[in-house]
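Here's the structure, in structure tokens; my notes come after.
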Amino acid sequence: RFNNHNPMKLIGIIICWLMLVCFVKNTNAQLPWFSNFNNNVIALNPAFTGNEYHLSVRGQYKTMWTEIINPPSTSLISAHAPIGISNSSIGGIITHDNFGVISTNNLSINYAYRFQTQIGRIAAGILLNVQDYREQLTATHPTTPNDPALATDYSAMFFNGGLGIAWESENGFLGIAVPAILTPTRNETNDTIALTAPQLNLNGAYTFVLSPNWELTSSLYYGYINTLPSQMALMFDFTWKNNYAFLAGIRTNNAYTAGFTYTFLDNFKIGYTYDYFDNNLGAAAGGGHELVIGFDLNKPEGE
């Protein structure tokens with residue numbers, strides 16, 4: 001607790017919190033992203049809605065820098081499926097993102113349409129999104145929550161939309177999307193702060209059959225984020241008998257990922273990945289953990 005009789009200590013703590021708030025705002029400008037991105041590609045591009053050709057449900061949870069107090073975390077639940085026997089698909093995504101004093105809740109409704117060409121299937125997708133954005137800035141000075149000279153809480157609701165297009169074949173896919181077209185902002189004295197920066201997602205994958213029992217899927221993700229460094233990730237999935245998958249990957253800023261997924265009863269999936277950050281932040285704050293669970297309904301036999 002703060003000691004109001006020690007003003008220098010109080011000022012020092014407030015300065016530290018304000019530095020954290022600035023860092024959180026810059027980082028929060030990017031949309032939530034998971035290391036095991038291939039398990040839920042509709043979170044990157046609405047054109048992949050319905051790409052499994054059956055009802056697919058996924059839940060993911062990610063936390064990073066676990067050595068710090070109140071580390072950032074993201075939770076996601078998604079579901080998508082074709083609409084009858086038509087070329088259309090529909091889906092939904094619910095996410096909760098928490099980083100320090102900032103939290104966001106997102107609800108997205110996705111729609112995609114597919115048509116067959118000589119070079120594979122082409123899919124176009126659109127999403128509509130509503131975001132509940134909150135800043136609990138009074139947590140930086142809990143003993144004086146009503147002091148008008150200090151930061152106050154802020155909350156707002158924003159609407160957004162996104163577009164995407166994708167190419168799909170029996171062994172791979174490639175897609176590009178702008179998941180948030182608009183840039184929500186908030187106005188402060190002589191300043192305008194962007195809460196979500198424009199972002200471009202490019203992701204693809206291709207599966208190589210190594211033997212009757214083994215397959216290798218190589219995946220690539222590239223994210224361009226306005227005002228922030230671009231991100232790139234490369235992931236390799238070694239799958240045995242369509243049941244066990246062993247993951248290994250690398251991405252920018254000296255981050256490395258390793259993990260596994262297990263598919264059982266033909267319809268259920270569970271997985272875990274660990275992120276190791278080979279940099280100063282990782283040495284001080286620790287690594288990251290990610291869980292994924294899912295199930296598929298009306299899945300064709302033998303798929």
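Small disclaimer: the values here were computed from a predicted structure and weren't measured.
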Please tell me whether [X] and [Y] are part of a single hydrophobic cluster in this structure, the criterion being side-chain heavy atoms less than 4.5 Å apart.
{"X": "Phe158", "Y": "Val130", "value": "no"}
{"X": "Phe34", "Y": "Phe173", "value": "yes"}
{"X": "Trp167", "Y": "Val178", "value": "yes"}
{"X": "Leu76", "Y": "Ile102", "value": "no"}

If you look at every heavy atom in [X] and [Y], which pair is closest and at what distance?
{"X": "Ala248", "Y": "Met235", "answer": "O-SD, 3.4 Å"}
{"X": "Gly50", "Y": "Pro82", "answer": "O-CG, 4.4 Å"}
{"X": "Ser230", "Y": "Thr252", "answer": "O-OG1, 4.0 Å"}
{"X": "Gly164", "Y": "Pro46", "answer": "N-CG, 3.9 Å"}
{"X": "Gly288", "Y": "Tyr274", "answer": "O-CD1, 3.2 Å"}
{"X": "Thr263", "Y": "Asn242", "answer": "CB-O, 3.8 Å"}

With the side chain counted from C-beta on, respond yes when [X] and [Y] share a heavy-atom pair under 4.5 Å apart, and no when they do not.
{"X": "His80", "Y": "Tyr111", "value": "no"}
{"X": "Ile165", "Y": "Ile176", "value": "yes"}
{"X": "Leu220", "Y": "Leu202", "value": "no"}
{"X": "Met157", "Y": "Gln131", "value": "no"}
{"X": "Pro179", "Y": "Asn201", "value": "yes"}
{"X": "Asn129", "Y": "Phe159", "value": "no"}
{"X": "Ile270", "Y": "Thr261", "value": "no"}
{"X": "Ile181", "Y": "Leu163", "value": "yes"}

What distance separates [X] [atom1] from [Y] [atom2], expressed to the nearest 0.5 Å?
{"X": "Ile94", "Y": "Ser75", "atom1": "CD1", "atom2": "OG", "answer": "11.5 Å"}
{"X": "Met64", "Y": "Glu290", "atom1": "CE", "atom2": "CD", "answer": "10.0 Å"}
{"X": "His96", "Y": "Thr104", "atom1": "NE2", "atom2": "OG1", "answer": "7.5 Å"}
{"X": "Ile42", "Y": "Glu52", "atom1": "CD1", "atom2": "CD", "answer": "9.5 Å"}
{"X": "Ser169", "Y": "Leu174", "atom1": "OG", "atom2": "CG", "answer": "10.0 Å"}
{"X": "Trp65", "Y": "Ser73", "atom1": "CH2", "atom2": "OG", "answer": "12.0 Å"}

Hey, what's the ring geometry for Phe295 with Phe268, parallel, tilted or perpendicular (30° and 60° as the breaks)?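 Phe295 vs Phe268 ring planes: tilted.
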
Parallel under 30°, tilted from 30 to 60°, perpendicular over 60°: which one fits the rings of Tyr221 and Phe37?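 Ring orientation, 0 to 90° scale: tilted.
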
Any sub-3.5 Å donor-acceptor pair from Asn253's side-chain atoms to Ala255's backbone N or O?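 No.
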
I'd like to know if the side chain of Arg114 and the backbone of Ala47 have a donor-acceptor N/O pair within less than 3.5 Å. yes

Take Asn36 and Leu247 through the test side-chain contact (heavy atoms from CB on, under 4.5 Å) and record every step on the way to the result. CA-CA 8 Å; Asn36 198 349; Leu247 318 176; 3.5 Å; yes

Once ring pair (Phe, Tyr, Trp, His ring centres under 6.0 Å) is applied, what residue pairs with a partner in residues 242-262 remain, sequence neighbours excluded?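 Output for this query lists Trp240-Tyr244, Tyr244-Tyr262, Tyr262-Phe264.
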
Who pairs with Asp275 by salt bridge (Lys or Arg N to Asp or Glu O under 4.0 Å), at least two apart in sequence or on another chain?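 Asp275: salt bridge (Lys or Arg N to Asp or Glu O under 4.0 Å) contacts with Lys62, Arg251.
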
Carefully, step by step, assess Thr66 and His289 under the rule side-chain contact (heavy atoms from CB on, under 4.5 Å). CA-CA 8 Å; Thr66 53; His289 304 273; 3.6 Å; yes

Around atom [atom1] of [X], are there more than 12 heavy atoms of other residues, nucleotides or ligands at under 6.0 Å?
{"X": "Arg134", "atom1": "CZ", "result": "no"}
{"X": "Leu234", "atom1": "CG", "result": "yes"}
{"X": "Ile122", "atom1": "CD1", "result": "yes"}
{"X": "Gln116", "atom1": "CD", "result": "yes"}
{"X": "Ile109", "atom1": "CD1", "result": "yes"}

Does a side-chain N-to-carboxylate-O contact under 4.0 Å join Lys241 and Glu215?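 Salt bridge flag = no for Glu215 with Lys241.
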
Check the pair Ser103, Asn98 against side chain to side chain donor-acceptor pair (under 3.5 Å), reporting the backbone distance first and the verdict last. CA-CA 4 Å; Ser103 64; Asn98 183 75; 4.7 Å; no

For Leu128, the rest of its hydrophobic cluster, which grows through side-chain links under 4.5 angstrom: none

In this structure, is the centre-to-centre distance between the rings of Phe208 and Tyr206 below 6.0 Å? yes

Looking only at side chains, do Thr217 and Thr207 share a donor and an acceptor under 3.5 Å apart? yes

I would like to know whether Arg58 and Ile77 meet side-chain contact (heavy atoms from CB on, under 4.5 Å); could you show each step before the answer? CA-CA 6 Å; Arg58 294 289 183 270; Ile77 298 176; over 6 Å; no

Are Asn110 and Ile93 close enough, and set up right, to give a side-chain contact (heavy atoms from CB on, under 4.5 Å), and what steps lead you there? CA-CA 8 Å; Asn110 291 19; Ile93 305 174; 4.0 Å; yes

